[in-house]
Amino acid sequence: QVQLVESGGGLVQPGGSLRLSCEVSGSDFSTLSMAWSRQAPGKERELVAGITSGGYTMYGESVKDRFTISRDNTKNVAYLQMNNLKVEDTAVYFCSANYKHWGQGTQVTVSS
């Protein structure tokens, strides 16, 4: 059974940075496509970034040039580096594997 555990969320001021981590177990991590999505109160879940098993990346328009997704196949971890955070980035961030298996989410709050 594939399990995902996110960490790294918290409270940060506008313009600040956070790095989220998603540790995966129960599957061959190197074969998984990983993605980060987010959901703000009252809004639908939004795909933020994705990375394939081969390392190809994609980003949502609202986070392009600010967020970077990466993976470490030796540690079974996917990362989301978030820079120049904005108030509108406030949401619960979810990690997924093959857009099928999901973590429990980690809260990111951007506020002064």
Quick one: does Q3's side chain have a donor or acceptor within less than 3.5 Å of a partner on S25's backbone? no
Please find the pair of heavy atoms, one from S30 and one from S53, that lie closest to each other, and give the distance. O-CB, 3.1 Å
Give me the atom names and distance for the closest heavy-atom approach of R45 to S37. CG-CB, 3.8 Å
OG of S17 to CG of N84, rounded to nearest 0.5 Å, is 8.0 Å
Hey, is the main chain of S111 close enough, under 3.5 Å, to the side chain of Q13 for a donor-acceptor pair? no
Within the 4.5 Å heavy-atom criterion, are V92 and T106 side-chain neighbours or not? no
For the residue pair V24 and V77, establish whether any side-chain heavy-atom pair is separated by less than 4.5 Å. no
Quick check: is V2 connected to F29 through a chain of hydrophobic side chains (ILVMFWY, heavy atoms under 4.5 Å apart)? yes
Quick check on E44: does its CD atom have over 12 non-hydrogen neighbours (other residues, nucleotides or ligands) under 6.0 Å away? no
Taking T90 for its side chain and V110 for its backbone only, find out whether a donor-acceptor pair lies under 3.5 Å. yes
Closest heavy-atom contact between Q107 and A91? NE2-O, 3.4 Å
Can you confirm whether the side chains of E46 and S62 place a donor and an acceptor under 3.5 Å from each other? yes
Are V87 and L80 connected, step by step, through hydrophobic side chains (Ile, Leu, Val, Met, Phe, Trp, Tyr) whose heavy atoms are closer than 4.5 Å? no
Should W36 and L47 count as side-chain neighbours, where that means a heavy-atom distance under 4.5 Å? no
Heavy-atom pair of closest approach, residues L4 and A97: CD2-N, 3.7 Å
Side chains of M34 and C95 in contact at under 4.5 Å (non-hydrogen atoms): yes
Taking every non-hydrogen atom, the tightest pair across R38 and F67: NH1-CE2, 4.1 Å
Should the pair W102 and F94 be assigned to parallel (<30°), tilted (30 to 60°) or perpendicular (>60°) ring geometry? perpendicular
Side-chain donor or acceptor of N98 paired with backbone N/O of S33 under 3.5 Å: yes
Minimal heavy-atom distance between L85 and R66, with the atoms involved, is CA-NH1, 3.9 Å
Is any side-chain heavy atom of D89 less than 4.5 Å from a side-chain heavy atom of V108? no
With the 4.5 Å side-chain cut-off for hydrophobic clustering, are V12 and M82 part of the same group? yes
Kindly write out the residues that satisfy salt bridge (charged side-chain N to carboxylate O under 4.0 Å, His left out) with E23, not counting sequence neighbours, or none if the list is empty. none
Between OH of Y93 and CD of Q39, what distance do you get to the nearest 0.5 Å? 12.0 Å
Going by the rule salt bridge (charged side-chain N to carboxylate O under 4.0 Å, His left out), which residues pair with K100 if we only count those two or more places apart in sequence or in a different chain? none
Interatomic spacing from OG in S70 to CZ in R19 - rounded to 0.5 Å: 7.0 Å
Checking T52 side chain against G54 main chain: does a donor-acceptor pair fall under 3.5 Å? yes
Is it possible for you to check whether R71 lies under 6.0 Å from the centre of the six-membered ring of Y79, through NZ or CZ, and within 45° of that ring's axis? no
